2 protein chains.
Amino acid sequence: MSQDGAGIDLDTSLGYLLKEASSALRVAMEEVLRPLGMNVTHYSCLELLAQRPGLSNSDLARGAFVTRQTMNVLLQALERDGYVTRPAAAPVGKVLPTRLTPRGRRSLEKATVAVRSVEVRMLADMTDAERSAASRILRSMIRSLRADDA
Amino acid sequence: MSQDGAGIDLDTSLGYLLKEASSALRVAMEEVLRPLGMNVTHYSCLELLAQRPGLSNSDLARGAFVTRQTMNVLLQALERDGYVTRPAAAPVGKVLPTRLTPRGRRSLEKATVAVRSVEVRMLADMTDAERSAASRILRSMIRSLRADDA
DNA sequence: TGACTCATGTCAGCATTCTGACATAGCTTG
DNA sequence: CAAGCTATGTCAGAATGCTGACATGAGTCA
């Protein structure tokens with residue numbers, strides 16, 4: 001039943017393990033972000049803006065791994081609630097550079113502490129060598145998956 | 001701006017890399033499953049049933065990393081369309097053991113080929129040692145994230 | 001046995017994200 | 001310069017998954 005060519009063994013498949021790890025990370029992050037009224041995409045957006053102020057809607061969407069339509073909906077809510085600002089008209093082209101407001105920055109600070117604790121917990125039992133290996137391996141997977149999308 | 005304690009450096013964060021890899025995998029899988037009229041959860045459900053016939057709704061939900069409510073909706077659709085069967089009444093307790101129909105098995109066969117090709121591509125540039133390391137590291141992350149959910 | 005706890009299946013409503021579509025701006029190329 | 005291609009922002013509708021809630025069956029324990 002395990003490896004006879006008629007299926008993908010879920011107990012040993014790296015794809016399945018990757019999904020499992022990602023699911024565990026998402027659950028853990030949402031658990032600590034929920035009390036702050038945030039979800040993972042929401043947090044990702046603020047963190048991206050803190051590190052790279054002036055990113056466009058499409059940039060943020062790529063950075064948070066959602067579509068630009070999804071990010072647009074989120075940005076409109078964040079703007080309405082005063083966490084970010086965008087110019088009324090595009091300085092150049094159609095791109096609207098987005099920036100955190102002081103309120104957005106304060107909100108992010110609490111979230112960053114919470115998220116950092118999750119990441120620390122995730123890496124608790126790993127050596128430095130293993131962390132380096134993890135980084136290299138994950139980058140390799142990403143590169144290979146994105147190569148020739150045919 | 002990078003590691004001054006005021007944020008999580010997205011360029012080096014293993015959590016971010018994990019999410020990026022998982023996103024790339026999901027996109028690649030949905031790309032090959034879409035022509036077959038399936039999504040990832042749909043495929044996961046069929047693959048689980050092929051390897052462990054008689055799983056309950058809740059078992060399948062845990063294996064596919066969704067809630068049992070979500071899996072219940074999917075199972076009702078799969079049952080209606082003749083891909084799986086469940087007894088009308090529970091043989092014991094409330095648990096309804098689910099099984100693939102021949103039609104479900106045929107549908108899964110094509111999907112497995114497609115998914116396998118994605119996994120092969122993902123692992124293309126990795127040595128056997130790296131694959132072993134990846135498995136060990138991902139399991140460690142999962143274990144740590146699930147430990148003391150406080 | 002009876003109370004308690006936990007797991008299960010299921011319904012309903014909501015949140016989130018996606019696909020499809022459109023107009024428009026910038027770049028490239030003949 | 002004009003045409004073509006790509007990227008962007010945005011709206012609308014559909015798909016997908018989640019939380020909350022309820023009834024019920026099984027196991028535990030005093």
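Just so it is clear, the structure is predicted and the values come from calculations on it, not from any experiment. Sequence lines set the chain letters: A, B, ... in the order given, protein chains first and strands last, and positions in each chain run from 1.
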J.: Quick one: which of D/dT10, C/dT16, C/dC18 gets closest to the side chain of A/Asn39?
T.: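 Among the listed nucleotides, the one closest to the side chain of A/Asn39 is C/dT16.
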
J.: Measure from the side-chain heavy atoms of A/Arg34 and tell me the nearest of D/dT19, C/dT17, C/dC11.
T.: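 Of D/dT19, C/dT17, C/dC11, D/dT19 is nearest to the side chain of A/Arg34.
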
J.: Choose from D/dC18, D/dG9, C/dG9 the nucleotide whose nearest atom is closest to any side-chain atom of B/Val66.
T.: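 So the nucleotide nearest the side chain must be D/dC18.
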
J.: Reading DNA chain C 5' to 3', what string of ( ), [ ], | and . shows its pairs, if Watson-Crick and G-U wobble pairs count only when both distances fall under 3.5 Å?
T.: ||||||||||||||||||||||||||||||

J.: Please compare A/Val95 and A/Glu30 by the position of their nearest nucleotide in DNA chain D and report the one closer to 5'.
T.: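 On the 5' side of the pair lies A/Val95.
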
J.: State whether A/Thr41 places a side-chain N or O below 4.0 Å from either non-bridging phosphate oxygen (OP1 or OP2) of C/dT17.
T.: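 Looking at the OP1 and OP2 atoms of C/dT17, one of them is under 4.0 Å from a side-chain N or O of A/Thr41.
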
J.: Can you tell which of D/dC18, C/dT10, D/dT10 lies closest to the side chain of A/Arg68?
T.: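 In terms of side-chain proximity for A/Arg68, the closest of D/dC18, C/dT10, D/dT10 is D/dT10.
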
J.: Looking only at non-hydrogen atoms, find the nearest pair between B/Ala64 and B/Met71 and report the distance.
T.: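 The pair with the smallest heavy-atom distance is CB-CE, 3.7 Å.
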
J.: Could you run down the sub-3.5 Å N/O contacts of the protein with nucleotides 26-29 of chain D?
T.:
from   : atom 1 : to      : atom 2 : distance (Å)
D/dA26 : OP1    : B/Gly93 : N      : 3.1

J.: Expressed as a whole number of angstroms, how long is the span from B/Leu55:CG to C/dG9:P?
T.: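 For the pair B/Leu55 CG and C/dG9 P, the rounded distance is 11 Å.
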
J.: Distance-only, no hydrogens or angles: does the B/Ser44 side chain make a donor-acceptor pair with backbone N or O of B/Val40 under 3.5 Å?
T.: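 Indeed, once roles are kept as given, a pair shorter than 3.5 Å links the two residues.
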
J.: How about B/Thr12 and A/Ser135: do any of their side-chain heavy atoms sit closer than 4.5 Å?
T.: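 No, every pair of side-chain atoms sits at 4.5 Å or beyond.
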
J.: Check whether A/Thr101 reaches the backbone of A/Gly82 with its side chain - one donor and one acceptor, N or O, closer than 3.5 Å.
T.: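 Such a contact is found between A/Thr101 side chain and A/Gly82 backbone.
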
J.: Between P on C/dT17 and CG on A/Asn57, what's the gap in Å once rounded to a whole number?
T.: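 It works out to 13 Å between those atoms.
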
J.: Tell me which nucleotide among D/dG9, D/dG17, C/dT10 gets nearest to the side chain of B/Gln76.
T.: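 Shortest atom-to-atom distance from the side chain points to C/dT10.
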
J.: I'd like to know if A/Gln69 reaches the base of D/dG13 with its side chain, counting only an N/O donor and acceptor under 3.5 Å.
T.: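 No.
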
J.: I would like to know whether A/Val66 and A/Leu74 meet side-chain contact (heavy atoms from CB on, under 4.5 Å); could you show each step before the answer?
T.: CA-CA 11 Å; A/Val66 296; A/Leu74 174 59; over 6 Å; no

J.: Between A/Met71 (CE) and C/dT16 (C1'), how many Å, whole number?
T.: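 Value for this atom pair: 12 Å.
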
J.: Whole angstrom is fine here: how far is it from CZ in B/Arg62 over to C1' in C/dA7?
T.: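 About 8 Å, once rounded to whole Å.
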
J.: Please check if the side chain of A/Arg99 supplies one atom and the backbone of A/Thr85 the other of a donor-acceptor pair under 3.5 Å.
T.: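 Side chain of A/Arg99 to backbone of A/Thr85: no pair is present.
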
J.: Return the CZ to OH distance between B/Arg105 and B/Tyr83, rounded to the nearest 0.5 Å.
T.: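 Interatomic distance, B/Arg105 CZ to B/Tyr83 OH, rounded to 0.5 Å: 14.5 Å.
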
J.: Looking for any heavy atom pair under 4.0 Å, which part of the strands does B/Leu74 touch: base, sugar-phosphate only, or nothing?
T.: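 Nothing: the residue B/Leu74, judged by heavy atoms under 4.0 Å, touches no strand.
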
J.: Using whole Å, what does the distance between atom P of nucleotide C/dT16 and atom CZ of A/Arg26 come to?
T.: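 About 13 Å, once rounded to whole Å.
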
J.: May I ask you to decide whether A/Glu20 forms a salt bridge with B/Arg139, counting only side-chain N to carboxylate O separations under 4.0 Å?
T.: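 A salt bridge is absent here (no side-chain N lies under 4.0 Å from a carboxylate O).
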
J.: Which atom pair, heavy atoms only, marks the closest approach of B/Gly63 to B/Leu48?
T.: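 Where B/Gly63 meets B/Leu48 most closely, the heavy atoms are C-CD1, 3.6 Å.
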
J.: To the closest 0.5 Å, what do you measure between OG (B/Ser23) and CG (A/Leu145)?
T.: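 Taking OG in B/Ser23 and CG in A/Leu145, the distance rounds to 10.0 Å.
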
J.: So does B/Thr70 get a side-chain nitrogen or oxygen closer than 4.0 Å to the phosphate oxygens (OP1/OP2) of D/dC18?
T.: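 Yes, within the criterion.
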
J.: Look at the side chain of B/Arg86 and decide which nucleotide, out of C/dT8, C/dT10, D/dC18, has an atom nearest to it.
T.: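 Nearest nucleotide to the side chain: C/dT10.
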
J.: To the nearest angstrom, how far is A/Asp59 atom CG from D/dG9 atom C1'?
T.: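 Going from A/Asp59 (CG) to D/dG9 (C1'), I get 13 Å.
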
J.: Given C/dC18, D/dT8, D/dC18, which nucleotide is nearest the side-chain atoms of B/Thr67?
T.: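 Closest nucleotide to the B/Thr67 side chain: D/dC18.
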
J.: What is the distance from CG of A/Leu75 to C1' of D/dT10, rounded to the nearest Å?
T.: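 Interatomic distance, CG of A/Leu75 to C1' of D/dT10: 12 Å.
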
J.: Quick one: is D/dG9 close enough that its OP1 or OP2 comes under 4.0 Å of any side-chain N or O from A/Asn72?
T.: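 The answer is no; no side-chain N or O of A/Asn72 sits under 4.0 Å from OP1 or OP2.
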
